[in-house]
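Down below is the structure, laid out as structure tokens.
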Amino acid sequence: MGNFKYAAAALVGFLASANAASNDEWAMRSIYQVITDRFARSGDSDAACNITKYCGGSWAGLVDKLDYIQGMGFTAVQISPVNKNLEQDTIDGEAFHGYWPQDLYALNEHFGSADDLKSLVSALHKRDMYLLVDVVANEMAYDIGDANMTSSTKIDYSVFTPFNTSADYDPFCTISDWNNATQYTTCWLGTEGVATPRIKTTDSGIKSTLDSWINNLVSTYSIDGIRLDGAKQIEFGFFKDFIQSAGVYTMAEVDDNDANLTCSYQSYTGGLENYPLYYTILEAFTAGNMPSLVSMVQTMRTACSSPQYLSVFIENQDNERFASIDPDMALAKNALAFTILSDGIPKMYYGQEQHLTGAYSPYNRQEIWSTNYNTSTPLYQLTATLNKLRNYAITLDDNYVTNASTLLYTDNSTYVTRKGPDGVQIISVLSNQGTAGGAYKLIVDGVADAGTSLTEVTGCTTVTAGTNGSITVDMDKGQPRVFFPTFQMKGSGLCGYSSGKSSATSTGSGGASSTPSTTGSAATASSTNMARGMQVPSWMGLVALGVAVLM
């Protein structure tokens, strides 16, 4: 009978991996990140939220607001960690964010039940949307009161599951040098108020337990991808088996501005958060340093093997919101446009579309329901337009994703790129002048073949490419401009054109006309649904039946 149990486990593992979305499928997605507790409550409650306490957001509430997210064109949702956290009200507040785990085998009941989480996944999949779950795999959390952690501080390890003895953790030490890999992969990150004992992930038994845990979490809830929190603080030897056990796309958090260091993790994790680019996006659009962005795009392209698997963002749960750095709406629009239209997976942090302010944690983790989920804000509307355009370009030609953007023009205040094969190219004209920027005309070469009409999708005007493929762009008040071939607009759902697959043909890089690809972000539905509803060979059905009977 034991052999049949192993056969059953192998069969479940095979089916899970067969149904999993690949890295390439994730590259066609765009992600909306939420902190579950702060995004949507079940019911209509709009009571005020204490910024350091649980506020009542839940998985069921999130289901009720999927129209709001999908209305911006997002095709995936990232939620905060789902596991049971410490329950104390610490000097830093409660564990509403999910990053203070104590029991890996239990869900955080503040967010709902197992059925609620499964219902969320089901609701997303019915919309052909993916779920990315944030995962903490290298530390637990313990309330030490209003005190600093020392080597003599008492930790009751018995409260943790499954690692409940001190031998399961690295000895306490603090991280004083973030250039010292030994320190930041073995020492404890949390040392004040909430201590975070560092799980001994180099131990083979512990490692095996974590591998089984992530496999069970992913398979039980049909999770499409994971974000690995604090990946920089984990030894390289941990990743391979853990990610293989997960069997899904993994986006690792390596918070560092060194491109080579960050990209060194990609050979283990595939996906990453593009932190080096994040820092230079901020420099370009809030400090006027456009050359740094130009340089870092090229550096990341050289350092990383597959930039299309990296998420591009300007806000998240750990960093100051963009509007707190600079409230200028034009700058926010341009930075947002860069994240959606550059190389990589666009990722937006909840509330960014509402232009929320908020400095560092917890003030960048406020509730969003006080905005009434306003779909008329400038950033919501721009996000919807640009995501829709990107999704549509991918449905026409999925080579859009791997086609590296080409720099057409740059100066100290301007960044102009072309991304996508001929016929589906998106031209982004971005500025860091802000709303005080004056009106002027910018000539850009190499946009399209001479005589090609292009539609500017944010204002729905048209221009025609002249000699050298040049267009004249009317710039004013620092607003971004985004162009797309007019003959492909039918089917885009933009500027008064109908939605759905265009009847026009796309043009490949060789200039030949071809039928639009049936794969892509919106069209990934066909491939993804085919995978989820795949025909299982008859011999596998017999094995499964035999296992069910004999176990």
Side-chain angles (χ1 to χ4, degrees), residues 23 26-27 31 33 78-83 97-101 104 132-141 169-170 175 177-190 196-203 206-207 209-211 213-215 217-218 223-279 300 303-313 316-319 344-345 347 349 361:
N23 288 359
W26 268 98
I31 303 169
Q33 177 194 352
Q78 174 184 325
I79 62 173
S80 45
V82 301
N83 305 103
H97 41 72
Y99 294 104
W100 291 340
L104 297 185
L132 187 78
V133 174
D134 210 340
V135 168
V136 180
N138 66 324
E139 63 186 16
M140 294 293 196
Y169 300 84
D170 288 315
I175 303 173
D177 181 5
W178 281 97
N179 292 314
N180 185 326
T182 300
Q183 267 195 30
Y184 64 67
T185 58
T186 58
C187 291
W188 298 18
L189 185 63
T196 55
R198 187 9 178 109
I199 298 172
K200 195 176 293 182
T201 49
T202 53
D203 180 277
I206 290 175
K207 189 172 178 296
T209 299
L210 288 169
D211 293 345
W213 162 67
I214 195 62
N215 177 275
L217 182 70
V218 168
I223 295 167
D224 303 292
I226 60 173
R227 173 191 179 268
L228 188 54
D229 184 67
K232 182 179 177 180
Q233 290 110 267
I234 304 176
E235 303 88 347
F236 282 135
F238 173 80
F239 296 118
K240 181 180 178 181
D241 291 341
F242 186 80
I243 292 171
Q244 284 184 348
S245 297
V248 294
Y249 168 79
T250 300
M251 177 191 298
E253 179 204 15
V254 180
D255 186 350
D256 200 288
N257 61 6
D258 185 321
N260 290 319
L261 174 65
T262 300
C263 289
S264 67
Y265 286 79
Q266 194 179 33
S267 60
Y268 301 95
T269 65
L272 292 168
E273 290 178 321
N274 199 332
Y275 260 101
L277 197 57
Y278 159 77
Y279 289 112
M300 291 300 292
C304 273
S305 59
S306 301
Q308 70 268 26
Y309 301 150
L310 276 60
S311 68
V312 186
F313 62 96
N316 64 21
Q317 76 287 350
D318 290 326
N319 295 285
I345 304 171
K347 185 161 80 157
Y349 184 50
S361 170

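Numbering of residues begins at 1 and proceeds along the displayed sequence. Just so we're clear, the structure is a prediction, and the values are computed from it rather than from any experiment.
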Subject >> Worked check of side chain to side chain contact (heavy atoms under 4.5 Å, CB included) between Val248 and Trp26 >> reply: CA-CA 10 Å; Val248 294; Trp26 268 98; 5.8 Å; no
Original post:
Can a donor-acceptor pair be found between the side chains of Tyr278 and Asp255 at a distance below 3.5 Å?
Top reply: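 No, no side-chain donor-acceptor pair sits under 3.5 Å.
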Original post:
Are Asp318 and Tyr349 close enough that a side-chain donor and a side-chain acceptor fall under 3.5 Å?
Top reply: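 No pair is found: no donor N or O on one side chain lies under 3.5 Å from an acceptor on the other.
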Original post:
Which pairs, with at least one residue in residues 238-247 and sequence neighbours excluded, count as a side chain to side chain donor-acceptor pair (under 3.5 Å)?
Top reply: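 As it turns out, the side chain to side chain donor-acceptor pair (under 3.5 Å) pairs with a partner in residues 238-247, which skip direct neighbours, are Lys207-Asp241.
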Once you round to the nearest 0.5 Å, how far does [atom1] of [X] lie from [atom2] of [Y]?
{"X": "Asp224", "Y": "Gln78", "atom1": "CG", "atom2": "CD", "value": "13.0 Å"}
{"X": "Thr185", "Y": "Asp170", "atom1": "OG1", "atom2": "CG", "value": "8.0 Å"}
{"X": "Met140", "Y": "Asn83", "atom1": "CE", "atom2": "CG", "value": "8.5 Å"}
{"X": "Asn215", "Y": "Leu210", "atom1": "CG", "atom2": "CG", "value": "12.5 Å"}
{"X": "Tyr265", "Y": "Glu253", "atom1": "OH", "atom2": "CD", "value": "11.0 Å"}
{"X": "Asn138", "Y": "Phe242", "atom1": "CG", "atom2": "CZ", "value": "9.5 Å"}

Distance-minimising heavy-atom pair for [X] and [Y]:
{"X": "Cys263", "Y": "Leu272", "result": "CA-CD1, 4.2 Å"}
{"X": "Met300", "Y": "Ala259", "result": "SD-CB, 3.4 Å"}
{"X": "Pro276", "Y": "Thr262", "result": "CG-OG1, 3.5 Å"}
{"X": "Val218", "Y": "Ala246", "result": "CG1-O, 3.5 Å"}
{"X": "Ala27", "Y": "Ile345", "result": "CA-CG1, 3.9 Å"}
{"X": "Val136", "Y": "Trp213", "result": "O-CH2, 3.8 Å"}

**OP:** Could you tell me which residues satisfy side-chain hydrogen bond (donor to acceptor under 3.5 Å, both in side chains) with Tyr275, sequence neighbours excluded, listed by chain and number?
**Re:**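 side-chain hydrogen bond (donor to acceptor under 3.5 Å, both in side chains) check on Tyr275 returns Asn316, Asn319.
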Subject >> Ser305: side-chain hydrogen bond (donor to acceptor under 3.5 Å, both in side chains) partners, not counting sequence neighbours >> reply: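 Partners of Ser305 by the side-chain hydrogen bond (donor to acceptor under 3.5 Å, both in side chains) criterion, ordered by chain and then number, come out as Gln266.
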Using a 4.5 Å cut-off on heavy atoms from C-beta on, say whether the side chain of [Y] contacts that of [X].
{"X": "Phe236", "Y": "Ser267", "answer": "no"}
{"X": "Asn23", "Y": "Gln308", "answer": "no"}
{"X": "Leu217", "Y": "Val82", "answer": "yes"}
{"X": "Tyr99", "Y": "Gln317", "answer": "yes"}

**OP:** Taking only Lys NZ, Arg NE, NH1 and NH2, and the carboxylate oxygens of Asp or Glu, determine whether Glu273 and Lys232 approach each other closer than 4.0 Å.
**Re:**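 Salt bridge absent between Glu273 and Lys232.
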Original post:
Out of Thr269, Thr201, Thr250, which one pairs with Phe239 under the side-chain contact (heavy atoms from CB on, under 4.5 Å) rule?
Top reply: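 Going through Thr269, Thr201, Thr250 one by one, the side-chain contact (heavy atoms from CB on, under 4.5 Å) with Phe239 is satisfied by Thr269 alone.
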**OP:** Could you walk me through whether Tyr249 and Leu132 pass side chain to side chain contact (heavy atoms under 4.5 Å, CB included), step by step?
**Re:** CA-CA 9 Å; Tyr249 168 79; Leu132 187 78; 4.2 Å; yes
